[in-house]
Structures are given as C-alpha cells and as structure tokens.
Amino acid sequence: MNWKDIASDVGKAAPLLGGLLGGPAGAAIGSIVSSALGTNNDPGSVLASLANPDAAVKLKQIESDQALGLQKLAVTAEQNRLAAETAAAQAVNATMQAEAKSDHWPTYSWRPFVGFVFGTTWLGVYLLLPLLKTPIPTIPPEAWLAIGGVLGVASFYRGKMQADPRVPSDNRG
C-alpha cells in the first residue's frame with residue numbers, strides 16, 4: 001500500500017491534503033498526516049486511524065492551519081507537472097523535426113505512411129463498408145501487433161541514434 005491508495009480516503013475529510021497525498025509530494029504530506037493522527041508513518045496505519053471520528057477533525061485542522069503552505073505546494077506540483085509535459089512534447093517535436101529534415105526517405109516518410117495507412121483503414125472499415133451495407137470485419141490482434149512491432153523497432157533504433165551522436169543518421173550506402 002502506498003500514499004496514493006489512501007488519498008481519496010483522506011480527501012473526504014480534507015480535499016487539499018488528499019490531492020497532495022496522491023501526488024509527488026505524497027510521502028511528505030503523509031508524514032504530516034501520520035504525525036497529526038499519532039500513527040506510524042505508513043499508509044496502512046493512517047488508513048486504520050481514519051475510522052476514528054476525531055481523525056477527520058484533525059485533518060481539517062491541519063488543512064486550515066497550513067492552507068497557504070499546502071496551496072503553494074499544490075501550485076508548485078502542478079507547475080512541475082506542466083513543465084515535465086512541456087519538455088516531453090518538445091522532445092517529441094524535436095524528434096519529428098529531425099526526421100522531417102533527413103535525407104533518407106524511410107526516416108522522413110514512415111510517420112506519414114503509417115498515418116495514411118491507419119486513416120485509410122479506419123475510413124474504409126468504419127465508414128465506407130457500413131455505407132455499402134457490407135459487414136464490418138474484425139481486425140485481428142496480429143495486425144495490431146505487427147504494426148506495433150514495426151513501430152517499436154523503428155523507435156528503438158531512432159532512440160539509439162539520438163542517445164549516441166556517433167551513430168550515423170544517414171544510412172545510405
């Protein structure tokens with residue numbers, strides 16, 4: 001059991017504490033909660049103590065006494081989450097831009113090709129066939145596994161190339 005597992009239980013009495021308990025600052029908030037409830041610093045002990053009606057009062061008191069600090073912590077956690085999402089999106093965009101500038105046609109064309117294949121398949125199976133009153137076929141799991149394998153291998157080698165600048169990005173003979 002971890003702090004995220006009991007976040008909703010704590011959140012019933014103190015929503016701000018519960019939200020923070022389920023996030024990256026969960027261990028620190030869990031320590032504050034367990035100290036206030038007089039339990040061991042572990043989620044199981046805190047969960048067991050929540051059965052006591054006085055626990056909700058204590059949690060509300062912590063939230064009210066430390067509201068400003070907890071709100072700052074919540075804002076900081078959200079800023080960190082947004083920064084991580086932004087960094088991930090920028091990394092994906094940089095990869096796509098590098099692929100688009102490549103001199104090697106498989107490198108710059110594989111994403112559009114896969115997109116056209118999936119789009120054409122989807123339109124054909126789920127739009128065109130029903131309009132023609134033709135039964136919709138079941139796409140076998142093997143087909144999804146095949147494209148997943150191709151994309152996995154391509155991503156693996158592209159990742160190796162990005163991780164080690166000595167790996168050539170131009171594979172022409």
Side-chain angles (χ1 to χ4, degrees), residues 1-12 14-31 33 42-44 46-47 70-173:
M1 175 177 288
N2 62 37
W3 293 111
K4 284 184 180 182
D5 297 336
I6 68 165
S8 63
D9 296 308
V10 171
K12 290 174 186 172
L16 186 57
L17 281 174
L20 290 170
L21 199 58
I29 298 301
S31 175
V33 169
D42 68 271
V46 170
L47 184 60
L70 293 173
Q71 288 170 350
K72 285 180 182 178
L73 186 59
V75 168
T76 301
E78 183 62 15
Q79 287 172 335
N80 291 343
R81 185 189 67 76
L82 290 173
E85 282 183 13
T86 301
Q90 288 172 340
V92 168
N93 288 338
T95 299
M96 291 173 70
Q97 289 170 2
E99 287 173 353
K101 292 177 185 175
S102 174
D103 292 333
H104 201 226
W105 71 267
T107 302
Y108 64 76
S109 63
W110 77 273
R111 285 181 196 267
F113 175 75
V114 170
F116 285 125
V117 168
F118 274 111
T120 303
T121 302
W122 188 88
L123 287 173
V125 171
Y126 299 112
L127 183 65
L128 185 61
L129 292 179
L131 287 174
L132 298 174
K133 309 257 189 265
T134 305
I136 298 174
T138 303
I139 298 177
E142 291 81 8
W144 299 117
L145 290 173
I147 195 66
V150 169
L151 293 174
V153 169
S155 297
F156 172 76
Y157 283 107
R158 189 179 71 250
K160 280 180 61 175
M161 181 185 70
Q162 290 173 338
D164 186 358
R166 295 172 294 172
V167 175
S169 60
D170 186 0
N171 296 329
R172 294 177 289 183

Between [atom1] of [X] and [atom2] of [Y], what distance do you get to the nearest 0.5 Å?
{"X": "I6", "Y": "D42", "atom1": "CD1", "atom2": "CG", "result": "8.5 Å"}
{"X": "L70", "Y": "L20", "atom1": "CG", "atom2": "CG", "result": "6.0 Å"}
{"X": "L47", "Y": "D5", "atom1": "CG", "atom2": "CG", "result": "9.0 Å"}
{"X": "L128", "Y": "I136", "atom1": "CG", "atom2": "CD1", "result": "11.0 Å"}
{"X": "R81", "Y": "T86", "atom1": "CZ", "atom2": "OG1", "result": "9.0 Å"}

Check: So do W3 and V10 actually touch side chain to side chain, heavy atoms under 4.5 Å?
Finding: no
Checklist line | Side chain proximity check, T121 to I139, heavy atoms < 4.5 angstrom | finding: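 Yes, close enough: below the 4.5 Å cut-off.
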Notebook entry, point to check: Which pair of non-hydrogen atoms, one from A74 and one from L16, has the smallest distance, and what is that distance?
Noted result: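 The pair with the smallest heavy-atom distance is CB-CD1, 4.3 Å.
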Note to self: Test your reading of the model: is there a side-chain donor-acceptor pair from N80 to the backbone of A83, 3.5 Å cut-off?
What the structure shows: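 A pair under 3.5 Å: no.
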